[in-house]
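Working notes for the structure below.
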Amino acid sequence: MEQPRLDWARDWLNKNSHTLYYGGEWRKPEGSTPFTSINPATGAKLWEFPESNAKDVERAAAAAKSAFHSAAWRDLSRAERATRVKRIGAVIREHAAELATLESLDNGKTYAESFVDDLPESADVFDYYAGWVDKFYGETCPVERGFLNYTVKEPIGVCGLIVPWNFPLLLACWKIAPALAMGNTVVVKPAPFTSLTLVRLAELIHERQILPPGVFNLVLGGGEAGQALSQSPLVDKISFTGSTATGGHIVQSAGKSNLKALTLELGGKAPVLCFADLKNPDAVIQRIFQATFSHKAEKCTEPARILIEESIYDKFAHALVEKAEKFRCGDPFAESTQQGAQCQKDHFDKILNYIRIGKDEGAKLLCGGERDSSPSAQNGLFIRPTIFGNVKQSMRIAREEIFGPVLCLQKFKTEDEAVQIANDTIYGLAAGAYTADNSRTHRLATRLEAGMVFLNHYGCYHFASPFGGIKQSGWGKEMAVHSLDGYTKTKSVWIRYEP
Ligand code: NAP
Ligand code: MG
């Protein structure tokens with residue numbers, strides 16, 4: 001792992017004035033509402049920027065529209081487009097330590113999580129989708145004699161890409177790479193708490209002249225900018241990752257403007273079922289613990305409810321608590337730190353409030369339940385890994401997305417009961433189960449209601465496999481060939497060749 005670039009980051013933050021980028025130039029935003037970004041691990045101010053307002057967003061969308069129709073982008077050969085897409089990945093790789101440093105300063109996750117988990121994938125996804133540039137195409141359809149009918153896959157146009165603060169660079173790259181590979185242009189809007197890595201990426205794309213002007217555009221700001229993007233008639237598609245509530249607002253905005261295409265990656269409340277016959281309990285417990293508490297549990301697919309068969313419940317609960325109590329919160333840049341700071345104050349308060357709700361509802365607090373008071377965590381937004389036992393499915397902590405280091409343990413007696421509890425949620429992003437019974441494994445694959453089902457190994461991801469939820473966890477998929485459906489439209493062409 002490369003060392004963090006803290007001195008470089010300090011210099012860069014001191015002199016950075018880049019906040020709005022469109023049409024191939026850095027612009028002075030018309031919006032003047034200041035947003036102060038805080039380092040959540042220390043409480044110190046990182047930087048302040050003016051949020052883009054609706055006019056700024058509209059200008060960025062107009063630049064993206066004009067670039068979409070420009071010869072400079074449209075007439076690039078496929079090979080050349082693929083090369084440009086790959087170059088973005090290469091520049092991310094080259095600047096990985098800088099970007100990982102900015103990510104950890106802004107988001108609060110450990111530097112190791114940024115550098116090892118987020119950065120390689122942020123770069124590699126560009127290689128993956130560069131490979132699809134000449135491999136995603138239409139078909140010839142078997143229609144009646146005398147007619148030729150074929151389909152073509154065309155880019156949609158201007159894609160508004162709205163991303164949350166938990167994996168700021170990575171989730172943006174998951175969208176930018178396939179959107180550009182298919183020939184679209186993009187306006188990216190990160191969450192205001194975590195804009196730094198995308199500002200830096202825009203700088204690198206600009207300095208290296210990787211893309212024609214207007215193909216990649218960046219607006220900064222919160223709900224107003226996001227809403228302007230989703231309401232804009234110039235925007236043809238929104239790909240959004242964030243909460244289910246905001247996803248609903250975006251659907252309304254799209255409906256009221258131009259019925260733009262939508263891909264929505266929304267909230268989750270993933271259950272993991274642990275049956276008494278499971279193999280290798282120590283490894284299972286370690287995997288569940290890691291899947292839950294890494295990235296300070298601000299992950300949409302993280303296990304939130306562990307459903308444990310009655311006979312192994314005490315042993316499981318005890319082992320998870322033992323790990324939680326030893327877990328060290330603190331400076332994201334210290335090698336000994338295992339859990340960083342929650343990303344922002346409102347969210348931190350929301351998590352602590354859910355912990356209060358859990359206690360009031362009568363769940364049994366097994367560990368954690370408060371902010372971390374160790375010296376290295378004094379001024380930051382650190383919450384001790386928290387585990388509640390004897391959680392009932394009727395409790396709010398079992399039903400609502402907490403998105404922080406709070407794990408609910410629930411007991412079950414039979415497979416039917418476990419499946420019923422697992423599926424009793426508005427969400428359907430991910431679910432998992434551990435059992436040595438092969439028949440049950442296959443049964444659960446069909447019975448669990450989720451877009452991703454992890455059996456005997458929780459939390460698997462690969463560019464070649466679709467990522468996304470069902471129920472109120474989302475519309476459409478990211479990753480693999482499935483993502484490309486979301487960034488193309490299918491045109492059907494008919495030609496009569498016999499009179
Ligand atoms: P959020 O509040 O929904 O915000 C997401 C983004 O939307 C932010 O950039 C936000 O700006 C913007 N926004 C807010 N109001 C908007 C509006 N009316 N129109 C358009 N954009 C708007 O979500 P978050 O709290 O940042 O992220 C946590 C959520 O993301 C969790 O629910 C989590 O499960 C979900 N998530 C899902 C996935 C997945 O793949 N399914 C992955 C990661 C996270 P502001 O920050 O200023 O509000
Ligand atoms: Mg921040």
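Order of listing sets the numbers, starting from 1, for every ligand and every atom in it. Any value given below was found using the heavy atoms of this structure, including those in side chains, with hydrogens, waters and symmetry copies removed.
Remark: ligand 1 and Asn166 share no N or O pair separated by less than 3.5 Å (distance only, no angle test). Considering backbone and side-chain N/O of Thr244, none are found under 3.5 Å from N/O of ligand 1. Considering backbone and side-chain N/O atoms, Lys189 comes within less than 3.5 Å of an N/O atom of ligand 1. At least one N/O-N/O distance between Trp165 and ligand 1 falls below 3.5 Å.
Panel note: side chain Gln472, backbone Thr244; no donor-acceptor pair is recorded below 3.5 Å. One N or O on the side chain of Asn258 and one on the backbone of Pro233 form a donor-acceptor pair closer than 3.5 Å. In this structure a side-chain-to-backbone donor-acceptor pair under 3.5 Å is present from Thr386 to Arg384. Using a distance-only test at 3.5 Å, with no hydrogens or angles considered, no donor-acceptor pair links the side chain of Asn390 to the main chain of Ala363. Within the 3.5 Å criterion, the main-chain N or O of Ile285 finds no donor-acceptor partner in the side chain of Lys323.
For the ligand labelled ligand 1, residue Val163 lies inside the 4.0 Å heavy-atom shell. The closest approach between a heavy atom of Leu229 and any atom of ligand 1 is not below 4.0 Å. A heavy-atom separation below 4.0 Å is found between Pro192 and ligand 1.
One finds a salt bridge joining Glu98 and Arg200 here, because a Lys/Arg side-chain nitrogen approaches an Asp/Glu carboxylate oxygen to under 4.0 Å. Under the 4.0 Å criterion applied to side-chain N and carboxylate O atoms, Lys392 and Glu361 are not assigned as salt-bridge partners. Of the charged side-chain nitrogens involved, at least one lies within less than 4.0 Å of a carboxylate oxygen, so that Lys175 and Glu478 count as a salt-bridged pair. A salt bridge links Asp236 with Lys65: the closest approach of a Lys/Arg side-chain nitrogen to an acidic carboxylate oxygen falls below 4.0 angstrom. Ion pairing between Lys269 and Glu401 fails under the 4.0 Å rule for side-chain N and carboxylate O. Between Lys109 and Asp117 there is no salt bridge, since no side-chain N of the basic residue sits under 4.0 Å from a carboxylate O of the acidic one. Salt-bridge annotation for Asp360 and Arg356: absent, with no side-chain N of the basic residue lying under 4.0 Å from a carboxylate O of the acidic one. Taking a cutoff of 4.0 Å between a charged side-chain nitrogen and a carboxylate oxygen, Asp424 and Arg399 qualify as a salt bridge.
Residue, atom and distance of the protein heavy atom nearest to atom 21 (N) of ligand 1 are Gly226 CA, 3.4 Å. For atom 23 (O) of ligand 1, the closest non-hydrogen atom of the protein is Ser243 N, 3.3 Å. Scanning all protein heavy atoms for the shortest distance to atom 5 (C) of ligand 1 gives Phe240 CE1, 3.6 Å. At the top of the distance list for atom 18 (N) of ligand 1, counting protein heavy atoms only, stands His249 CB, 3.8 Å. The nearest protein atom to atom 34 (O) of ligand 1, hydrogens excluded, is given as Glu401 OE2, 2.5 Å; this is a heavy-atom distance. Looking only at heavy atoms of the protein, atom 39 (C) of ligand 1 is closest to Cys300 SG, 3.2 Å. At the top of the distance list for atom 27 (O) of ligand 1, counting protein heavy atoms only, stands Pro164 CB, 3.3 Å. Closest to atom 28 (C) of ligand 1 among all protein heavy atoms lies Phe403 CE2, 3.6 Å.
Taking each of Leu266, Ile162, Ile238, Leu220 in turn, the one with a heavy atom nearest to atom 37 (C) of ligand 1 proves to be Leu266. The residue from Gly242, Gly267, Pro168 that puts a heavy atom closest to atom 35 (C) of ligand 1 is Gly242.
Taking every heavy atom of Phe193 and a limit of under 4.0 angstrom, the matching atoms of ligand 1 come to 46 (O). Counting the atoms of ligand 1 from 1 in the order shown, those under 4.0 Å from a heavy atom of Ile250 are 19 (N), 20 (C). Each of the following atoms of ligand 1 lies closer than 4.0 Å to a heavy atom of Leu171: 42 (C), 43 (C). Against a heavy-atom cut-off of under 4.0 Å, Phe467 is close to the following atoms of ligand 1: 40 (O). Each of the atoms 41 (N) of ligand 1 lies under 4.0 Å from some heavy atom of Leu429. Those atoms of ligand 1 that come under 4.0 Å of a heavy atom in Thr241, given as number and element, are 5 (C), 36 (N), 37 (C), 38 (C), 39 (C), 40 (O), 42 (C), 43 (C), 44 (C). Listed by atom number, the atoms of ligand 1 under 4.0 Å from Ala191 heavy atoms are 9 (O). The Thr246 neighbourhood of ligand 1 comprises atoms 1 (P), 2 (O), 3 (O), 7 (O), 13 (N), 14 (C), 15 (N), 16 (C), 17 (C), 21 (N), 22 (C), with distances under 4.0 Å to a heavy atom of that residue.
No side-chain N or O of Gln227 forms a donor-acceptor pair with one of His249 less than 3.5 Å apart.
Residue contacts with ligand 1, taken as heavy atom pairs separated by less than 4.0 Å, do not involve Phe167 at all. Contact annotation: for Ser230 versus ligand 1, heavy atoms closer than 4.0 Å belong to the side chain alone. Contacts between His347 and ligand 1, counted as non-hydrogen atom pairs separated by less than 4.0 Å, are absent for every part of the residue. Contacts between Thr301 and ligand 1 below 4.0 angstrom, taking non-hydrogen atoms only, are absent altogether.
Geometrically, Arg27 engages Tyr22 in a cation-pi contact defined by less than 6.0 Å to the ring centre and at most 45° from the axis. Lys237 forms a cation-pi arrangement with Tyr487, by the criterion of a distance under 6.0 Å to the ring centre and an angle within 45° of the ring axis.
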Go through Lys350 and Asp346 one step at a time and tell me if the salt bridge (charged side-chain N to carboxylate O under 4.0 Å, His left out) criterion holds. CA-CA 6 Å; Lys350 178 182 140 185; Asp346 285 352; over 6 Å; no
